[in-house]
Amino acid sequence: MKRIPSLTLLLLVVASSAAAQERTLLGRRFHSGGFGGPVVKFSEVDGDFAVFAGGRGGWIINHTLVLGVGGYGLANDIEIGWPGSRDIEFGYGGFELEYINRSNSLIHFTAYLLIGGGGLSTSLPGDEEAVFVLEPAANAELNITPYFRLCVGGAYRYVTGINMPIFDEEDLSAAVGVMTFKFGAF
């Protein structure tokens with residue numbers, strides 16, 4: 001009869017040690033999530049106010065690192081007056097790497113870098129150009145629900161590779177205001 005309480009105690013000790021968190025080389029368990037959502041950017045193109053619409057999504061690793069992609073296109077009309085009147089089209093996108101600081105806090109900060117390319121064209125036939133784009137950003141992010149976050153911040157869009165007579169890098173490189181609506185499992 002004395003063996004039953006001793007056996008029960010032994011089973012409780014074994015079960016509680018098995019339930020304890022496993023120690024690993026990296027120090028904690030791996031968590032994976034993801035998000036996707038629309039993005040609105042406010043900037044300048046050739047000195048005129050520009051709105052870009054697009055989206056981004058990514059794989060979230062351990063609530064801290066995001067590997068993702070994004071794509072954005074000029075949403076409003078911008079005319080170039082030299083020589084003659086021309087409308088322009090500009091879009092870009094690429095790989096995005098994001099760091100999230102303290103993602104479980106109500107308001108926290110993120111920093112990301114877009115590395116990619118884009119296309120620029122005017123309404124004249126053959127007036128097209130492929131460009132390289134680099135866009136670092138810093139954001140404040142608000143956890144609205146467990147599955148929705150609002151991210152607001154600023155960036156700077158560096159554009160290179162323009163060989164058009166009416167444009168240069170300075171016409172497309174500009175400060176950017178960013179608003180992102182993230183939906184997912186964080």
Side-chain angles (χ1 to χ4, degrees), residues 8-9 11-45 49-76 89-119 131-159 172-186:
T8 304
L9 181 62
L11 287 173
L12 286 173
V13 168
V14 169
S16 67
S17 66
Q21 185 171 355
E22 175 183 350
R23 294 185 56 92
T24 64
L25 180 63
L26 298 179
R28 64 179 182 171
R29 291 181 183 220
F30 178 79
H31 179 269
S32 182
F35 77 92
V39 178
V40 179
K41 296 185 177 194
F42 305 96
S43 185
E44 283 187 0
V45 170
F49 178 73
V51 177
F52 289 83
R56 63 185 294 239
W59 173 38
I60 305 169
I61 303 167
N62 285 338
H63 307 286
T64 304
L65 179 67
V66 177
L67 304 175
V69 295
Y72 315 98
L74 185 59
N76 62 315
E89 293 183 17
F90 175 48
Y92 65 98
F95 174 74
E96 294 181 343
L97 181 64
E98 182 175 22
Y99 168 73
I100 304 170
N101 183 33
R102 299 182 182 187
S103 81
N104 290 333
S105 298
L106 177 64
I107 298 174
H108 51 276
F109 299 96
T110 77
Y112 80 84
L113 176 67
L114 175 139
I115 301 171
V131 296
F132 173 77
V133 179
L134 183 71
E135 189 175 86
N139 306 293
E141 190 168 86
L142 173 65
N143 296 350
I144 295 176
T145 74
Y147 304 103
F148 173 52
R149 295 182 177 189
L150 176 63
C151 193
V152 177
Y156 193 85
R157 181 181 59 246
Y158 295 97
V159 179
L172 295 177
S173 296
V176 180
V178 182
M179 186 181 312
T180 305
F181 302 88
K182 293 181 173 181
F183 299 93
F186 302 98

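Owing to the predicted nature of the structure, the values given are computational and were not obtained by experimental measurement. Every heavy atom of this structure was used, including side-chain atoms; hydrogens, water molecules and symmetry mates were not.
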Step-by-step side chain to side chain contact (heavy atoms under 4.5 Å, CB included) determination, Asn104 to Phe186: CA-CA 9 Å; Asn104 290 333; Phe186 302 98; over 6 Å; no
Tyr147 OH: over 12 foreign heavy atoms closer than 6.0 Å: no
Sequence-distant partners of Phe52, ring pair (Phe, Tyr, Trp, His ring centres under 6.0 Å), two or more places apart: Phe90, Tyr92
Partner set under side-chain contact (heavy atoms from CB on, under 4.5 Å) for Ala75, not counting sequence neighbours: Val51, Ala53
Closest non-hydrogen atom pair, Cys151 against Asn139: SG-CB, 3.3 Å
Point-to-point distance, once rounded to the nearest 0.5 Å, from CD1 of Ile60 to CZ of Phe35: 6.0 Å
Heavy-atom check, side chain of His108 versus side chain of Asn143, under 4.5 Å: yes
By side-chain contact (heavy atoms from CB on, under 4.5 Å) - contacts of Leu134 (at least two apart): Leu113, Ile115, Phe132, Tyr158
Test side chain to side chain contact (heavy atoms under 4.5 Å, CB included) applied to Lys182 and Val39, step by step: CA-CA 9 Å; Lys182 293 181 173 181; Val39 178; over 6 Å; no
Those residues that, when tested against Tyr112, pass ring pair (Phe, Tyr, Trp, His ring centres under 6.0 Å) (two or more places apart): none
For the student: nearest non-hydrogen atoms of Ala50 and Asn76, plus distance: CA-OD1, 3.5 Å
Leu106 side, atom CG; Arg149 side, atom CZ - distance, nearest 0.5 Å: 10.0 Å
Inter- and intrachain pairs under salt bridge (Lys or Arg N to Asp or Glu O under 4.0 Å), touching residues 54-69, at least two apart: Arg56-Glu96, Arg56-Glu98
Residues in ring pair (Phe, Tyr, Trp, His ring centres under 6.0 Å) contact with Phe42, at least two apart in sequence or another chain: none
Heavy-atom check, side chain of Ser43 versus side chain of Phe49, under 4.5 Å: no
Heavy-atom side-chain contact between Ser103 and Glu141 under 4.5 Å: no
Shortest non-hydrogen separation from Val178 to Thr180 and the atoms involved: CG1-OG1, 3.6 Å
Under the side chain to side chain donor-acceptor pair (under 3.5 Å) test, residues paired with Ser32 that sit two or more places apart: Trp59
Flag side-chain contact, heavy atom, 4.5 Å: Leu97 against Leu65: yes
Residue pair Thr110 / Tyr99, side-chain heavy-atom distance below 4.5 Å: no
Under 3.5 Å: donor-acceptor pair, side chain of His63, backbone of His31: no
Residues in side-chain contact (heavy atoms from CB on, under 4.5 Å) contact with Val152, at least two apart in sequence or another chain: Leu150, Met179
Listed partners of Phe148 passing ring pair (Phe, Tyr, Trp, His ring centres under 6.0 Å), at least two apart: Phe183
Partner residues of Glu135 under the salt bridge (charged side-chain N to carboxylate O under 4.0 Å, His left out) criterion, sequence neighbours left out: Lys41
Min side-chain heavy-atom separation Ile100-Val66 under 4.5 Å: yes
